[in-house]
Protein chains: 2
Amino acid sequence: MAIRPQARTDVNRSAILAHLGAHGPASRADLARALAVSPALMTQLTKDLIAEGLLLELEHSPSQGGRPARMLGLVSTAGRAVGVKVVADHVAFVEVGIDGTMVRSASEPFDASASTVLADLTMLLRRFIGGGGSAPLLGIGVGVPGSVDRQGNGLVDSTQLGWHQVPLGATLRRELALPVIVENNVNALAIAERLYGVGRQYENFLVVTIGTGVGAGIVVDGVVLRGSAGGSGEIGHIPVADDGPLCSCGNHGCLESFIGEASLVRVARGRGVIGQQSGISALRAAADADDAEATRIFSEAGHLLGRTLAGIVHTLDPEIVIVLGEGTAAWKHWSYGFEPALRSSLIPSRRGVAVAVETWQDESWAQGAAALVLATPFDADDVAGDQGRLVRERLVEQAAPQAGLEP
Amino acid sequence: MAIRPQARTDVNRSAILAHLGAHGPASRADLARALAVSPALMTQLTKDLIAEGLLLELEHSPSQGGRPARMLGLVSTAGRAVGVKVVADHVAFVEVGIDGTMVRSASEPFDASASTVLADLTMLLRRFIGGGGSAPLLGIGVGVPGSVDRQGNGLVDSTQLGWHQVPLGATLRRELALPVIVENNVNALAIAERLYGVGRQYENFLVVTIGTGVGAGIVVDGVVLRGSAGGSGEIGHIPVADDGPLCSCGNHGCLESFIGEASLVRVARGRGVIGQQSGISALRAAADADDAEATRIFSEAGHLLGRTLAGIVHTLDPEIVIVLGEGTAAWKHWSYGFEPALRSSLIPSRRGVAVAVETWQDESWAQGAAALVLATPFDADDVAGDQGRLVRERLVEQAAPQAGLEP
DNA sequence: TATTCTTTATTTAGTCCTGAACAAAGAGGT
DNA sequence: ACCTCTTTGTTCAGGACTAAATAAAGAATA
């Protein structure tokens, strides 16, 4: 319950770096206010960071009625991070700079059910890292569709991948000798939203993804809620009907079994909207072409999603719901059912909850995973544990040599 | 994001008091471990607290292989707190000692819809306080059925009471010149569970109340989740059907409109199980007497509750669900529907989630409210804001005179 | 132009807390 | 009886952080 001050300096140092990465250059006074520390401390800390080559002083910013601020910026060569998205049939990689911008990306076929998954993934990852830039690699973030017990441990359970207690984190860490942070992919996305997206302006929000599956990342007071065993946000398995299609989890009537991509395609085929070999893109094309049945399928899905999210909004009281995922490509069609269902199911005081739908890119999942690494400096509660400490150490150590601190 | 160390001493001092209140006497070494501070600091802090008359050294506890521990205990006369439960037609008061044990209680008729609510409540509260013991009154905790914007502010919105932005906290504080902490009643109960109940052993749990309404208190990492505007836990208004009875919130198909006390009674009357003038106790009596229709009504309610809670468990991943409230008197009958519905709706990895049903007393709501005051010392994140600080000050100030600290 | 105000940054003295060394007090084995 | 081990509690030097005073640098105003 009490506050542990031991790791404060480290946390504050890297909070500065993360803030600059997420929000761009800022003055010492800005930083002190943003991180809620005294200006005096900020002077001290930034002096060290500048001496170590991680920060540099930029131009003076024009005065706003007082002494003009000397802006501080990140030295962009101070580090990079790699993000990995793992799904059943392929893995995607991205490399990002310390400020979160994407440098390069790649995608490789992959069989998550192979007995050699861990060796395969290690190999692919090693190859991708090898082709990287010269900036020191701070760590690897891995996003998986499933629950991750302790992040520091990286034990993965995933029905989608067919994994049960797979020691992904420990293995990669040993093989690559780098900090590795494993996290549920939607939670990773929530962290990315918090750092770089709409979530910057909110402390309490919900990230909902639609696509193959349906998931949620929950941010409460600025921190991702992981639950007792990293299993929060499994909203795809919220029961929405007593009977219903069989879900991949073995139950009947889960939300995902109604509005997951597979279900939409199945229904569309059944109703003859698309051919037996066609997929979700054909259904979207049909809806785009104003096919009444196709738009109805999306609208029905939107209705069910809206009604379910109303329940979650009542439970958690977020400021905003951010919708993401491959499925947002057809959001226009979802929204006809979604908006009325959501609003009419909310109690009056909650009816105005904001909803944002963001554009989706192929690399978004992997970029979210990379954010895991770049977010660890923010991690005042030390959720990332040892791996977070290692990332911080790498960030500082690599810069020290060029500093010449010794007298 | 960074850690603010200013209020640490205060927080640590009162964390000691709260820990002793919640867990009974403990040694300095125990306290240092429990609060995650150094033994050195514990020595210092307890020295001060003993000198101020808030703590006293008890007998040595028998050695367990090393130097025997000198136990420390609270001076029980160091403070008391008053808890208030507000509902539409009456208010209930309790006075508790600093260790959370109930000293006395009272209940008064009350009209929440009167134009003079605030004056009425102030008067009743003043009368109750006047009859109290001699120990210094640390503050007043008030539990209301509705959402409370900022606790420090105490602005209440409640459909059940017909209140809209009622400045309950500010008014009581001004009139009584005491720290006042206003909170949603289920959240207050969750705090009480965390301090004194089953929740002591868990960091992530759900408190669900059934009775007139249906509500939830959510505890994440040991802290009550309040949402963006204190409106979390309104699970009574989760939509469970597209059509359904009209709910007090104006929507159709809310969970509460199916399994709230009023609904159960309405259905029972409609099916001729109980007389048109009879209430919930008659329905329970019928079920106790093995009336098939009566047991079915409870079982159906249990089914719906179980299915809905499965969704919340998927969303939040708690370790345990604690069921409380007036409705638990008939839990035996609920459980026939509840258990199968809950388990069969959960994904395999979550199927073992624990469920605890606690015995319910009339004073429980008010005792939960009193816990608001006694929990403020625990409040390292300073959620209670100014009022929390005031409680701490009163706890320390009142003891100072008898200490003779001045040299 | 001189004065006042506002905002930024640094220095200084002092507080809170920790780690490490040490003292205290018993259990358990020889 | 004596030594070793374990656990509790205290003392002390030092680090992290703050508040307050001060300096710096320009805007606003008269």
Side-chain angles (χ1 to χ4, degrees), chain A residues 1-16 19-20 25-51 55-73 380 382 389 392 396 405, chain B residues 1-16 19-20 25-51 55-73 380 382 389 392 396 405:
Chain A
M1 285 322 199
I3 298 173
R4 290 150 297 199
Q6 60 244 54
R8 269 175 303 182
T9 297
D10 253 22
V11 169
N12 280 340
R13 281 169 61 97
S14 35
I16 294 172
H19 186 90
L20 292 175
S27 69
R28 282 168 249 257
D30 284 340
L31 287 169
R33 277 189 297 266
L35 306 182
V37 299
S38 66
L41 177 60
M42 197 49 67
T43 294
Q44 265 181 247
L45 293 177
T46 53
K47 186 159 50 176
D48 292 351
L49 288 169
I50 290 170
L55 253 51
L56 81 176
E57 277 194 330
L58 307 175
E59 297 307 293
H60 292 216
S61 111
S63 158
Q64 281 140 344
R67 170 175 174 175
R70 257 174 234 133
M71 305 301 276
L72 299 175
D382 215 16
R389 191 175 46 70
R392 287 183 211 121
V396 172
L405 284 176
Chain B
M1 285 321 197
I3 297 172
R4 288 151 296 202
Q6 62 244 53
R8 268 176 302 180
T9 297
D10 255 22
V11 169
N12 280 339
R13 282 170 60 97
S14 35
I16 294 171
H19 185 89
L20 292 175
S27 70
R28 280 169 251 258
D30 286 338
L31 286 169
R33 276 189 297 265
L35 305 182
V37 297
S38 67
L41 177 60
M42 197 49 68
T43 294
Q44 266 181 250
L45 294 177
T46 54
K47 185 159 55 175
D48 292 350
L49 288 169
I50 290 171
L55 253 51
L56 80 177
E57 276 194 330
L58 307 174
E59 297 306 295
H60 292 216
S61 110
S63 157
Q64 282 142 341
R67 172 175 173 174
R70 257 174 232 132
M71 305 301 277
L72 300 173
D382 216 14
R389 193 176 44 72
R392 286 180 213 125
V396 173
L405 283 177

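By convention in this document, chain letters (A, B, ...) are assigned in the order of the sequence lines, proteins followed by strands, and residues within each chain are numbered from 1.
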Using a cut-off of strictly less than 4.0 Å, decide whether B:Thr43 has a side-chain nitrogen or oxygen near OP1 or OP2 of D:dT11.
no

Looking at B:Arg70, I'd like to know whether one of its side-chain N or O atoms comes within less than 4.0 Å of OP1 or OP2 on C:dA24.
no

To the nearest Å, give me how far apart [atom1] ([X]) and [atom2] ([N]) are.
X	N	atom1	atom2	answer
A:Leu45	D:dC17	CG	C1'	9 Å
B:Leu72	D:dG9	CG	P	7 Å
B:Arg28	D:dT8	CZ	C1'	9 Å
A:Leu35	D:dA16	CG	C1'	16 Å
A:Met42	C:dT8	CE	P	13 Å
B:Asp48	D:dG9	CG	P	17 Å
B:Leu31	C:dC17	CG	C1'	17 Å
A:Leu41	D:dG15	CG	P	15 Å

Nearest to the side chain of [X] - [options]?
X	options	result
B:Ala69	D:dG9, D:dG26, D:dT18	D:dG9
B:Arg67	D:dG9, D:dG26, D:dA24	D:dG9
A:Ser38	D:dG9, D:dT18, C:dA9	D:dT18

Distance (rounded to the nearest 0.5 Å) between [X] [atom1] and [Y] [atom2]:
X	Y	atom1	atom2	answer
B:Ile16	B:Leu49	CD1	CG	5.0 Å
B:Arg33	B:Ser27	CZ	OG	6.0 Å
A:Thr46	A:Leu41	OG1	CG	9.0 Å

Contact class for B:Ala40 (heavy atom, under 4.0 Å): base, sugar-phosphate, or nothing?
base

Is any side-chain heavy atom of B:Arg28 less than 4.5 Å from a side-chain heavy atom of B:Glu57?
yes

Between B:Leu31 and B:Leu20, is there a side-chain heavy-atom distance shorter than 4.5 Å?
yes

Pick the closest DNA chain D nucleotide for B:Lys47 and for A:Gln44 by heavy atoms, then say which residue is nearer the 5' end.
B:Lys47

